[in-house]
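All remarks here apply to the structure that follows.
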Amino acid sequence: MESGRGQFLSLVESGAIPPAQVDAAVRLAGLLPTPVAWRRFIDQLLLWLGVLALGCALLFLVAYNWQDLGRFARFALVEAGVLLAVLGYLRFGRDKVAGQSMLLLASLLTGVLLALYGQVYQTGADTWQLFFNWALLVLPWVLVARLPALWLLWLVLVNLAVALFLRMSASAWSGGFGVLLGAERETFLTLFALNTVALITWEWLSRTRYRWLARHSASRTLATAAGVFITFEMIQVVTESDTSGLASMMLWLAWLAALVLVYRHWLPDLYMLAGVCLSVIVVVTTFFGYHLLSNNADAGGFLLLALLIIGQGSAAAIWLKRVHRDMGA
Amino acid sequence: MTAARERLWRTLQAAGFVQGAAPVPAEINSPWYVRTLLGISGWLAALCLVLFIGAGFRYVMESPVAMFTIGTGLVVAAYSLLRAQRNAFQEHLGLAISLAGQGLVVFALMQVMDRSAASTYALVALFELALAILMPNFVHRVFCSWMGCIALALALEKLGLPSLLAGLLLLAAAWLWLHEFHFARHLRTLQGVGYGLVLGLLQLKAGALFGASLTSVFTTYSRPALAIPAWLPELLTVGVLLYVVYVLLQRAGYTLHTRTAQVALACALLVGLVALPATGVTTGIVIVLLGFAHSNPVLLGLGIVALVSYASTYYYLLDITLLAKSGTLLLIGLVLLAARALLLRVTDPRREAGHG
């Protein structure tokens, strides 16, 4: 669907509005923010920037003084930061942006605190445990804050914890499908599954009970993460050419089909479809590129590859433009 | 036609800007991610084409004249393809061929001309700028402007004025985006170049996003910088911030006489001065303001990306200590929050109603 700006721009381009009048028409089309809108925008912008700057200042300070600070000073600093952030949240309340940004800050500082703990006490814990504990500790705040950005941070932490855990455990234990596939592929598939489940859950929740979750950017990020991992997996499959890849390929095709079905007709979102095109282009190109060029990189191979990319790109463009037009109509 | 489009048309009609029936959209603007997809695959295809020429026609790669001729030929062929654009396939093919042609031309120039002279890169920058204006394709314009920025950066570096570029680019980008609708006939050209400049700025200022190997282009000093204090070119960035704030205030109806305008400009100046050691912040703020001013979510997003990635770029800057950086950020944060409190007080609707 075209945004207001997109519609106005297409009118200008088709020449419907006399060029001399465009400048005046812009105001009428609602593209210029009112003073009230500006006030609200500056309010939020300066708040977020200010808080982020302060957070970074603290981070840099800690990094600088690392060697010189005593153990207690280090903990005191970070813990004070967490405490202040939580107090700030209590002061501002959940529904104001200030309150939510305080919780975001508190969550970030919790991670710093955990890292500090692991480093000072040399617990010998694995890196994945840091992220896992971080996600665990921060969960109550994430639930309370109702901030999509915070949910995404949490999911990133969970992803990191899972990825690092699998990488570590693969060397120690090759159970499950780790026997058949390399540890890397197991990681990719698990993370893909994780993010896909998250995406499905998000979409379901945001459309039924928790409407405040409904952000395009959130579901797009989740879908992108899932897409990246399944694409990585497929790259491994096409460059290894053994039969174990068949299941992965079925999974990939099923996922593509599901995305197209859901986001073409049911919950229209062109971004998802563009992601589908990108995944297909990457996998197909990698397949041909690997098999054409791995033995001898000759001119014909490059030309074929170039034509292949151009062909796929155009097909994607034609399809996406057609869908875009259908969605807008 | 969508309901929103109908409403827009009727609003414009009522005010007398348009007449008659609304036109059926001939070409709908593709969203940014579709254009990015096109751009990436076009670039990949161009790379393969260049490799094809390199592998298949060895003698071409050894002769700069042949490279230049074939490159120019490819660019001209691409122009006719893009001009007669009837479908996405032609557009895509034209894009890839043009990029490949440009690659060959630049290769040829690099081999023939003096690589340590600023004029070489200035020539490349002019070439890219000319293509950005002449080629009738949006993605192409963005790409060429971006490449032009890189070439310009190299040229200025050879002249010993590397830090001047950020301010100049920001000024050009700000002017273009503020006057986006003043040249309606060249709207797409303006926008394409505008986006390209912003991408160049992002790479220059927030280079962590693009990886260290690219930013080293901007930070290595092959010739000692001219004897101007470091903060002097950075003042240009502050100046651009003030310029943008001033124009936006005027458009919102606040002339210099009003309290609001004076406070806003003073705050902007303070923020800019405090952020002199970290001008990436000022740059990001300017881009964000430009994006919001015309309801452009892509530009707004780019500004936010610039600010966030500048944070990590700033961390790795080698010439100042982390303590100093921390202090700067602390000051910036405090000033931003103070400015916010002040501005909210001054523009409080209840106060304004009293002043009339």
Side-chain angles (χ1 to χ4, degrees), chain A residues 1-2 4-10 12-14 16-17 19 21-23 25-26 28-29 31-33 35 38-39 41-43 45-47 49-50 53-54 56-57 60-61 63-64 270-271 274 277-278 281 297-299 302-303 305-306 309-310 312-314 316-318 320-321 324-325 328, chain B residues 2 4-5 8 11-12 15 17-18 23 25-31 33-34 37-38 41-42 44-45 48-49 51-52 55-56 87-89 92-93 96 181-182 184-185 187-188 251-252 288 292-296 307 311 315 321-323 325-326 329-330 332-333 336-337 339-340 343-344 347:
Chain A
M1 229 178 309
E2 277 184 312
R5 178 182 155 91
Q7 287 166 350
F8 182 77
L9 284 179
S10 70
V12 171
E13 265 178 72
S14 60
I17 309 175
Q21 310 262 18
V22 168
D23 210 16
V26 165
L28 209 59
L31 255 61
L32 299 182
W38 268 117
R39 185 169 190 271
F41 176 71
I42 297 289
D43 173 7
L45 177 71
L46 291 183
L47 181 63
L49 279 185
L54 290 179
C56 285
F60 283 27
L61 185 66
Y64 176 78
L270 196 63
Y271 180 89
C277 293
L278 184 61
I281 292 177
D298 70 333
F302 284 122
L303 182 62
L305 211 55
I309 297 176
I310 292 175
Q312 289 175 91
S314 329
I318 293 174
L320 287 172
K321 282 195 176 157
H324 190 57
R325 200 181 336 228
Chain B
T2 59
R5 204 181 159 85
L8 178 62
T11 314
L12 291 172
F17 286 116
V18 295
E27 167 72 38
I28 303 178
N29 289 331
S30 297
Y33 41 84
V34 175
L37 181 65
L38 215 64
S41 50
L44 270 175
C48 291
L49 274 177
L51 288 170
F52 157 64
N87 56 40
F89 178 74
H92 208 68
L93 189 64
F181 296 113
H182 288 189
R185 261 181 268 265
L187 185 64
R188 292 307 268 165
R251 289 186 185 175
V288 165
F292 187 72
H294 284 179
S295 305
N296 188 338
L307 283 168
Y315 185 82
T321 65
L322 275 174
L323 184 67
K325 289 184 210 170
S326 171
L329 284 175
L330 177 67
I332 292 177
L336 283 171
L337 291 175
R340 172 178 172 270
L343 281 170
L344 286 181
T347 59

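Protein chains get the first letters and strands the later ones, always in sequence-line order, with residue 1 at the start of each.
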(Q) At a 4.5 Å cut-off on heavy atoms, which part of L320(A) comes close to chain B: side chain, backbone, both, or neither? (A) side chain

Q. Which bit of A293(B) comes within less than 4.5 Å of chain A, counting heavy atoms only: side chain, backbone, both or neither?
A. both

**Q.** Non-neighbouring partners of D43(A) that pass side chain to side chain contact (heavy atoms under 4.5 Å, CB included), sequence neighbours left out
**A.** R340(B), L344(B)

Q. Looking only at heavy atoms, what is the nearest atom pair of C48(B) and A306(A), with distance?
A. CB-CB, 3.7 Å

Q. Which bit of L37(B) comes within less than 4.5 Å of chain A, counting heavy atoms only: side chain, backbone, both or neither?
A. side chain

Q.
If you count heavy-atom pairs within less than 4.5 Å of chain A, which of L330(B), L343(B), I332(B), L323(B) leads?
A. L323(B)

Q.
Please rank V34(B), L337(B), L49(B), L51(B) by heavy-atom pairs under 4.5 Å with chain A and give me the top one.
A. L51(B)

Q) Parallel, tilted or perpendicular: which fits the ring planes of F292(B) and W38(A), with parallel below 30° and perpendicular above 60°? A) perpendicular

Q: Specify the closest pair of heavy atoms between F60(A) and A311(B), including all atoms of both residues, with the distance to one decimal.
A: CZ-O, 3.8 Å

Q. Do you know the tightest heavy-atom contact between I310(A) and A45(B)?
A. CG1-CB, 3.6 Å

Q: Check whether any side-chain heavy atom of F52(B) sits under 4.5 Å from a side-chain heavy atom of L305(A), and report yes or no.
A: no

Q. Does any non-hydrogen side-chain atom of L31(A) lie less than 4.5 Å from one of H294(B)?
A. no

Q: Check each atom of L44(B) against the heavy atoms of chain A and say whether the ones under 4.5 Å are side chain, backbone, both or neither.
A: both

Q.
Please give me the minimum heavy-atom distance between G50(A) and L336(B), naming the atom from each residue.
A. N-CD1, 3.8 Å

Q: Identify the two heavy atoms, one from L38(B) and one from A317(A), that lie closest to each other, and give their separation to 0.1 Å.
A: CD1-CB, 3.5 Å

Q: Could you tell me which residues satisfy side-chain hydrogen bond (donor to acceptor under 3.5 Å, both in side chains) with Y33(B), sequence neighbours excluded, listed by chain and number?
A: none

